[in-house]
Amino acid sequence: MRVILASGSPRRSEILRELGFDFEIHKPEIDETRLANESPENLCLRLSRLKAQSVARDFANELVIAADTIVVIDCEILGKPKDKSDALRMLRKLQGREHEVMTGLSICESGKIISCVEHSFVKFRDLSDSEMRAYISTNEGDDKAGAYAVQGKGAFLIEQVRGDFHNVVGLPIFRLGKMLEKFGYDFAFCVTGGNL
């Protein structure tokens, strides 16, 4: 049995590697357009399921893991910044406040799929414009939802994380373990990287 990560995210790959998983990466090809009146929670849940199902078509009997992470504040989804000014707009909105990070997580194997949404909350410290501009100049947040990376230099922006830290990075480990149990894989499977 192979583990397939249905994601092109380097952060998710890094988390699975740190856990010791032996896995292959297959990037899904799906339309990520938000549906009319779709809630942030339903969006990340739906996209994670579509990603898992898209890749599972080619790997029907393998264990496929897919995720979709979004940053939400004031009911607005903050995606990847379009440019430096958009990144500054996002950081100004986040600074000094708490926002929510949601990850839709789906696992598919042999035609069975289970999904959930994990919620974490991140509080930014108060930041000056010069601090935000200095962070933006590192280019670290260019390809990340909300224009920051919690696991990198962006850690300096953050006062507190409530919930699963790895959820903010993009792959909630605790929830992943609980979902793998539903497929009959136990703690030993997880800590040996799927190599039982």
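Sequence positions, counted from 1, serve as the residue numbers for this chain. All heavy atoms count here, side chains included; hydrogens, waters and symmetry mates do not. Keep in mind it's a predicted model, so treat the numbers as computed, not measured.
Hydrophobic cluster membership of F59, counting Ile, Leu, Val, Met, Phe, Trp and Tyr whose side-chain heavy atoms lie under 4.5 Å apart directly or via other members: I4, V55, V64. Clustering of Ile, Leu, Val, Met, Phe, Trp and Tyr side chains at separations under 4.5 Å places V72 together with I30, L43, L45, L47, L50, I70, I77, M102, V117. With a 4.5 Å cut-off between side-chain heavy atoms of Ile, Leu, Val, Met, Phe, Trp and Tyr, the cluster of F174 takes in none.
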Is there a salt bridge (Lys or Arg N to Asp or Glu O under 4.0 Å) between R97 and D74 once you walk through the steps? CA-CA 11 Å; R97 301 179 60 199; D74 298 333; 2.7 Å; yes

Criterion side chain to side chain contact (heavy atoms under 4.5 Å, CB included) on E76 and L78, from CA distance to verdict: CA-CA 6 Å; E76 179 187 353; L78 301 184; 3.4 Å; yes

Show the numbers, then the answer: is there a side chain to side chain contact (heavy atoms under 4.5 Å, CB included) between F165 and V150? CA-CA 8 Å; F165 172 84; V150 68; 3.5 Å; yes

Worked verdict on F183 versus I114 for side chain to side chain contact (heavy atoms under 4.5 Å, CB included): CA-CA 9 Å; F183 278 92; I114 57 172; 3.3 Å; yes

Just do the side chain to side chain contact (heavy atoms under 4.5 Å, CB included) check on D164 and E118 with the steps written out, would you? CA-CA 8 Å; D164 186 337; E118 183 70 13; 4.2 Å; yes

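Under the 4.5 Å side-chain criterion, counting only non-hydrogen atoms from C-beta, R133 is in contact with L88. Side-chain contact check for M90 versus I73: every heavy-atom pair is 4.5 Å or farther apart.
A single hydrophobic cluster is not seen to contain both I113 and L176; linkage of ILVMFWY side chains at heavy-atom distances under 4.5 Å, directly or through other members, places them apart.
The line from CG of L19 to CD1 of I173 is 4.5 Å long, rounded to the nearest 0.5 Å. Interatomic distance, L171 CG to I65 CD1, rounded to the nearest 0.5 Å: 7.0 Å. From S54, atom OG reaches atom NZ of K27 across 11.5 Å, with rounding to the nearest 0.5 Å. Distance check, rounded to the nearest 0.5 Å: CE of M132 to OG of S137 gives 13.0 Å. The distance from atom CG of L94 to atom CG of L157, rounded to the nearest 0.5 Å, is 9.0 Å. From M179, atom CE reaches atom OG of S106 across 6.0 Å, with rounding to the nearest 0.5 Å.
In this structure D143 satisfies the salt bridge (Lys or Arg N to Asp or Glu O under 4.0 Å) test together with R11, sequence neighbours excluded. D83 meets the side-chain hydrogen bond (donor to acceptor under 3.5 Å, both in side chains) test with S85; sequence neighbours excluded. With sequence neighbours excluded, no residue forms a salt bridge (Lys or Arg N to Asp or Glu O under 4.0 Å) with E100. Considering only residues two or more places apart in sequence or on other chains, K51 meets the salt bridge (Lys or Arg N to Asp or Glu O under 4.0 Å) condition with D68. Residues forming a salt bridge (Lys or Arg N to Asp or Glu O under 4.0 Å) with R49 (at least two apart in sequence, or on another chain): none. For S128, the side-chain contact (heavy atoms from CB on, under 4.5 Å) partners at least two apart in sequence or on another chain are S130, E131. For the side-chain hydrogen bond (donor to acceptor under 3.5 Å, both in side chains) test, no residue two or more places apart in sequence or in another chain qualifies with R17.
The residue from N61, V3, L180, L63 that alone fulfils the side-chain contact (heavy atoms from CB on, under 4.5 Å) condition with E109 is L63.
For the pair P81 and A147, the tightest heavy-atom approach, listed with the atom from each and the gap, is CG-CB, 3.8 Å. Of all heavy-atom pairs between I25 and S13, the closest is CD1-OG, 3.2 Å. Nearest heavy-atom pair, S7 versus P28, reported as atom, atom and distance to 0.1 Å: N-CD, 3.8 Å.
Ion pairing of D22 with R2 is absent here, as no side-chain N (NZ or NE/NH1/NH2) approaches a carboxylate O to less than 4.0 Å. Between R92 and D129 there is a salt bridge, since a side-chain N of the basic residue sits under 4.0 Å from a carboxylate O of the acidic one.
Enclosure of atom NZ in K112 by more than 12 non-hydrogen atoms of other residues, nucleotides or ligands within 6.0 angstrom is indicated. Within a 6.0 Å radius of NZ in K80, other residues, nucleotides and ligands contribute 12 heavy atoms or fewer. The number of heavy atoms from other shown groups lying within 6.0 Å of CZ (F156) does not exceed 12.
For the residue pair T69 and R12, a side-chain donor N or O sits within less than 3.5 Å of a side-chain acceptor on the partner. Counted by atom type alone, H119 and E41 present one or more donor-acceptor pairs between their side chains at under 3.5 Å. A donor-acceptor contact under 3.5 angstrom links the side chains of T103 and N167, judged on distance only.
A donor-acceptor pair under 3.5 Å links the side-chain atoms of K144 to the main chain of E140, judged by distance alone. No donor-acceptor distance shorter than 3.5 angstrom exists from the side chain of E18 to the backbone of I15, with no hydrogens or angles considered.
Listed by first and then second residue, the salt bridge (charged side-chain N to carboxylate O under 4.0 Å, His left out) pairs that reach into residues 151-161 are K123-E159, sequence neighbours excluded. Applying the ring-ring contact (aromatic ring centres under 6.0 Å, His included) definition to pairs two or more places apart or across chains, those involving residues 95-115 are H99-F124, H99-Y148.
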